[in-house]
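Side chains are part of it too, since the values below use all heavy atoms of this structure and drop only hydrogens, waters and symmetry mates.
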Amino acid sequence: MRRYSWLDFNSSSWRPCAAIWPPVLTDGAPQAGTGVQASLLGTTTRTDGKVEVTYAGHPLYYFIKDKAPGDVTGQAINGFGALWWVVSPSGAAIEVKP
């Protein structure tokens, strides 16, 4: 999962972004997996009414080219106005370029 270094988006740019970086959505309380601190998990309600998972207060996203656990092909991609980073278990961005 990724943490996005947030910039303001206008309504014309979030749809293409979401096609490449789909949000991590939930229908209930997010569940902590191995290595995840449950106390850092949360949610936020998006403008479309869907509930997105957050970690350490940051919204989480998938990258469409990551196909298997451990894939980080989106690391440090500059897209849609900002760099995208993998999130560490502490909730900090891992700002290392491949």
Side-chain angles (χ1 to χ4, degrees):
M1 293 188 206
R2 311 250 178 263
R3 179 182 106 186
Y4 178 58
S5 300
W6 188 258
L7 292 179
D8 290 328
F9 284 121
N10 63 42
S11 61
S12 65
S13 64
W14 73 266
R15 288 181 197 271
C17 178
I20 304 298
W21 298 95
V24 177
L25 301 175
T26 186
D27 289 329
Q31 301 297 308
T34 303
V36 174
Q37 295 182 43
S39 63
L40 296 180
L41 281 171
T43 60
T44 186
T45 302
R46 298 165 51 89
T47 57
D48 61 6
K50 295 179 180 176
V51 178
E52 184 171 359
V53 178
T54 62
Y55 195 70
H58 302 284
L60 297 178
Y61 301 87
Y62 298 103
F63 181 55
I64 62 166
K65 291 187 179 180
D66 288 346
K67 301 298 180 191
D71 284 355
V72 291
T73 58
Q75 175 68 350
I77 287 180
N78 189 349
F80 302 99
L83 289 170
W84 294 73
W85 304 109
V86 172
V87 178
S88 73
S90 71
I94 300 173
E95 297 181 3
V96 176
K97 294 184 179 180

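Among residues two or more places apart in sequence or in another chain, the side-chain contact (heavy atoms from CB on, under 4.5 Å) test is passed with Pro69 by none. Scored by the side-chain contact (heavy atoms from CB on, under 4.5 Å) test, Thr43 finds Thr26, Pro30, Val51 as partners (sequence neighbours excluded). Partners of Leu25 under the side-chain contact (heavy atoms from CB on, under 4.5 Å) rule, at least two apart in sequence or in another chain, are Pro23, Arg46, Lys50, Glu52. For Ala32, the side-chain contact (heavy atoms from CB on, under 4.5 Å) partners two or more places apart in sequence, or in a different chain, are Val36, Ala38, Leu41. In this view, Ser90 and Ser88 satisfy the side-chain hydrogen bond (donor to acceptor under 3.5 Å, both in side chains) rule, not counting sequence neighbours.
One N or O on the side chain of Gln31 and one on the backbone of Ala29 form a donor-acceptor pair closer than 3.5 Å. Put simply, the side chain of Tyr61 never gets that close to the backbone of Ala18: no donor and acceptor are under 3.5 Å apart.
Scanning both residues, Trp85 and Ala76, for their nearest heavy atoms gives CZ3-CB, 3.5 Å. Scanning both residues, Asp71 and Asp66, for their nearest heavy atoms gives O-OD2, 3.2 Å. Taking both residues in full, the closest heavy atoms of Pro22 and Ala19 are given as CD-O, 4.4 Å, listed atom of the first, atom of the second, then distance.
Using a 4.5 Å heavy-atom threshold, the side chains of Trp84 and Ile20 count as separate. Annotation: side chain of Gln75 is not in contact with side chain of Phe63 (no heavy-atom distance under 4.5 Å).
Note: Leu83 CG to Lys97 NZ = 5.5 Å, rounded to the nearest 0.5 Å.
Pairs of residues two or more places apart, or lying in two chains, never qualify as salt bridge (Lys or Arg N to Asp or Glu O under 4.0 Å) while including a residue from residues 18-29.
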